[in-house]
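Below: the structure, in structure tokens.
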Amino acid sequence: MHERPVLLSRRQFLRHASGLGLSIGAALALASCDRQGLVARPAKVPLIGVLGNGAPSGPRFEAVWGVLRQRVKELGYVEGQDVVLEYRGAEEREGRYPELAAELIRLNPDVIVATSTTTAVAVKAATSTIPIVFFGAADPVGSGLVASLARPGGNVTGLSFFSLSVAGKQLELLKEVVPGLRRVAVLRYVANEGTPPIVATIQTAAPSLGLELQVLEVNEPDDFEGALAAAVNEGAGGVYDLALPLSLLQYERLHDLLVKHRLPTMHSLRDYVPSGGLMAYAANYFDLGQRAMSLADRIIKGAKPADLPVEEPTKFDFAINLKTAQAIGVTIPQSILLQATERVQ
Amino acid sequence: MIGRRGSLFRKYAVVFILLVSGALITSSLVQAYFAVGENAQSLVRIQREKASAAAARIALFVDEIQRQVRSAAEVLPATASAEERRGEYLRLLRLVPAITEVSYLDAAGREELRVSRLAMAAVGSGIDRSREEAFVGAQAGKTYFGRVYFRNESEPYMTIAARQAGPEGGLLAVEVNLKLIWDVISRIKVGQAGYAYVVDDRGQLVAHPDISLVLRKTDLAAQPQVRAALVGRGDDVFVNVNIAPGVERGFLSAHERTDPPGWFVFVEQPAEEAFAPLLELALRSALLLVAGVALAVLASLVLADRMVRPIRVLQAGATRIGAGALDERIEVRTGDELEALADEFNQMTGKLREYYATLEAKVEERTRELSEEREKSERLLLNVLPRTIAERLKAGEEPIADAFPETTVLFADIVDFTGISARVSPEQMVGMLNGVFTEFDRLAAKHGLEKIKTIGDCYMVVGGLPEPRPDHAEAVAEMALEIQEALRPRRAPTGDRLRVRVGINTGPAVAGVIGTAKFAYDLWGDAVNTASRMESHGLPEGIQVTEATYLRLKDKYSFESRGMIDVKGKGPMATYLLLGRLDGRTAPLAAAPAGAGRNRTGPAG
């Protein structure tokens, strides 16, 4: 720090003095604001609608729901007193989203939080006025949720789950784990509107990795069995799991099938790994959920979604389940272990 | 009076209050001026220190990345295999979360390897990147810091590069996601409402606790404090920051440059918060000033009262002295000029008292002298006039002429006075007359009769004047008898016996004082003439009275009738000679004068 004159000039002093006057005025204004605030507490308690994929009672969304509510508490609200949370979940039936979105909108919430691309698209289709905050959407621009990341423009903002380019990285990591990999089965949940751009991305990336893709569409957990059998029949040496959120609902069944068919799999959520998935390279979904609630908080306090840029994830978890690797008979190379942020023994 | 008295107190009080309060206010203002200035300075200094601390943390963040990048660049020789490099760069990505992508360019600028957090690795792509700024700008031994750029027009990034030494040395370039400075910048606390932020050398916002502002590519170059920093004015700027649309507030802003990478770290705090201590100071000063002025006013009032009180005592004392209370002492014990003044007053009062006493004595003396004089003249006057007449004259009554219905007039005349006086010297004659008349005066006084005058050897006295009395005739008769008795042993210087004729008449008369010079109490009327005739027609050593007198006295005195005598100017009148008292207390006249037709009358006769 270089030396600065200590004595204030007359002009500087006057400036500070006028600042003092200004600050007195401001303090008075603030004081009066406080008083007004005490007198006129908003009669209406803010309402946050949440549109999710599963049932609140389901193991997965119980967790997400808990995270969202915890975050609301951390932001200084007392639920039921300062804010009301309304949750609607499709409970395995993707076709119900428009219906559930309309139901939420009828409650005239201050903001609706959508937990995925699909839910966000459903709500956006139903309202152009009620602010929407999404998290877990893969390609918000490509899905038409926002005009641009920096300036969303409409009533929607949120947190992108990952950049599309990450899909290539995921494929690369799968290839690194299984060096002789030639064919990868892509397990795609048809109803998830976030998947097509991802599929397109990995289709482009696959040749440079010497891979060919086999896209298998599933509509319900019962489809897993047939789809994986088909993959094995076609000679797939690994799986790229794009069955969100369907795969979440019966992930144990999926894991069992994958182990049974000895298919090394790259999942799209870190949370698959502790429960038996081989690996996942993804942003922290819960973390995104928390930050989505912060955005919702800012919107309740007057911010416009159009002014809140969509943030892309920067931190990625690379989780590997070594037990599953062993079960499948895969040896995890050192370079992968070097990159892993989480190893499940 | 009260108004005047109050006005001095008011004057003193006003002067003291103005003086003391004025001095107090002036000194307080001067003090406040400097205190505010100093405090403002120290607040600004504190703000600068905060900026320095914040800049140090940002520098630490950048320096850590730089260090890792340099070490990664230097740890492998230019000849290292792609696999070795990849492992090393993956390690770098793992170590430094902010680094999103690591590239290695050979000495010609061709890309040999690219490892990314977000995308697939590129091995031996051979892309010519020799024209990129990092390749052009990076110098051996020195870390290159690129300009801040925005991916997808949103995420702020910066290239940091390190060139390997030697002609074969390649370039290690990493893309740093500056969004991660958020972890640092959001932890910098600047008071309650203050915050720190970072702009690059173009005024582009690099880091801010509100990540939205960064992601929106906010350009702050137009902000006055940023502009001032960019042009190199190291001044603190106290500005209206318009960081959110429509929100403009007074902020105290300080900044510190952190180089590399040539950014400016700003620390800003709402003016009302930054200057809250100043406000508190001002309030405290104002409170103290008010208390001080109140105290000064109180003290002034007390002082004025104490100054005015002895003056009031003086005034009250002077008022009482003025009203005549010369015994008054003014008690002022102030030990100053006022006490001296009071003493002067007391001395003056003493003198006054003294003068007053002397004056009284003199007046008394003069009064006594005057009354003595008056008494003397009074006595003189009373020798001439009866007391009552004298008083009436003094009262201004003039002329005095009182009619008395009843008086008894007596004339006494020395027989053959002319003959005697021819044979003696005038002195002897006067001495003889004086002796006789002094005796007569004594008798007149004894009987309470009024001597009117002497005419030559004739003596005139009257009874019943000027105060009427019922026994005027008796008193006159007594005197007449005592005259004769008193003269019996007397001799003239010639050896002749002194004999007198006495004539008495009773009747109305007018008595008074007339004229203006040598006035005397005199008596007029026929009764007076008749009395004179009684004397002149009387007998030596005899007392001749008229019938009127006789009728009044005949029961108490013995008379001898002379019958009718011819009285000059009156004609014949019956007269009597008074011989003596009937009760015999006094021997009757021993020898009745020789005369015709002497008839003794009276009960004893």
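A note on names: the letters A, B, ... follow the listed sequences, proteins ahead of strands, and every chain is numbered from 1. Just so you know, these numbers come straight off a predicted model, no measurement behind them.
- When B/Glu153, B/Lys217, B/Glu83, B/Lys179 are compared by the number of non-hydrogen pairs under 4.5 Å with chain A, B/Lys179 comes out ahead.
- Ion pair B/Glu88/B/Arg91 flagged as a salt bridge, since at least one NZ, NE, NH1 or NH2 atom sits closer than 4.0 Å to an Asp/Glu carboxylate oxygen.
- With a 4.5 Å cut-off on non-hydrogen atoms, A/Ser208 touches chain B through its side chain but not through its backbone.
- Under 3.5 Å, the side chains of B/Tyr149 and B/Glu175 contain a donor-acceptor pair of N or O atoms.
- Ranked by heavy-atom pairs under 4.5 Å with chain B, the first of A/Lys169, A/Glu311, A/Arg298 is A/Lys169.
- If you measure heavy-atom distances from B/Arg151 to chain A, you find no contacts under 4.5 Å at all.
- Neither the backbone nor the side chain of A/Ala303 comes within less than 4.5 Å of any heavy atom in chain B.
- Note on ring orientation: taking the six-membered ring where Trp is involved, the planes of A/Phe161 and A/Tyr285 are perpendicular (angle over 60°, cut-offs 30° and 60°).
- Distance check, rounded to the nearest 0.5 Å: CZ of A/Arg151 to CG of B/Leu215 gives 10.5 Å.
- Contact annotation for A/Phe318: neither backbone nor side-chain heavy atoms come within less than 4.5 Å of a heavy atom of chain B.
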Quiz item: For B/Ser52 and B/Glu256, what are the C-alpha separation, side-chain angles and deciding distance, and is it a side chain to side chain donor-acceptor pair (under 3.5 Å)?
Solution: CA-CA 6 Å; B/Ser52 292; B/Glu256 181 74 34; 3.2 Å; yes
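- Remark: B/Gln31 CD is loosely packed, at most 12 non-hydrogen atoms of other residues, nucleotides or ligands lying under 6.0 Å away.
- Among B/Val267, B/Val206, B/Leu220, the one residue that satisfies the side-chain contact (heavy atoms from CB on, under 4.5 Å) test with B/Tyr197 is B/Leu220.
- With a 4.5 angstrom heavy-atom cutoff, B/Arg94 touches chain A only via side-chain atoms.
- Your options are A/Lys175, A/Gln170, A/Gln334, A/Glu176, and the one with the most heavy-atom pairs under 4.5 Å with chain B is A/Glu176.
- Of the residues considered (B/Ser42, B/Ala55, B/Ser116), B/Ser116 shows the highest number of contacts with chain A, using heavy-atom pairs under 4.5 Å.
- In summary, the side chains of B/Gln225 and B/Glu268 do present a donor paired with an acceptor at a separation below 3.5 Å, with no hydrogens or angles considered.
- Contact annotation for B/Leu180: only side-chain heavy atoms (C-beta onward) come within less than 4.5 Å of a heavy atom of chain A.
- Options A/Val310, A/Leu149, A/Leu171 differ in how many heavy-atom pairs under 4.5 Å they form with chain B, and the most are formed by A/Leu149.
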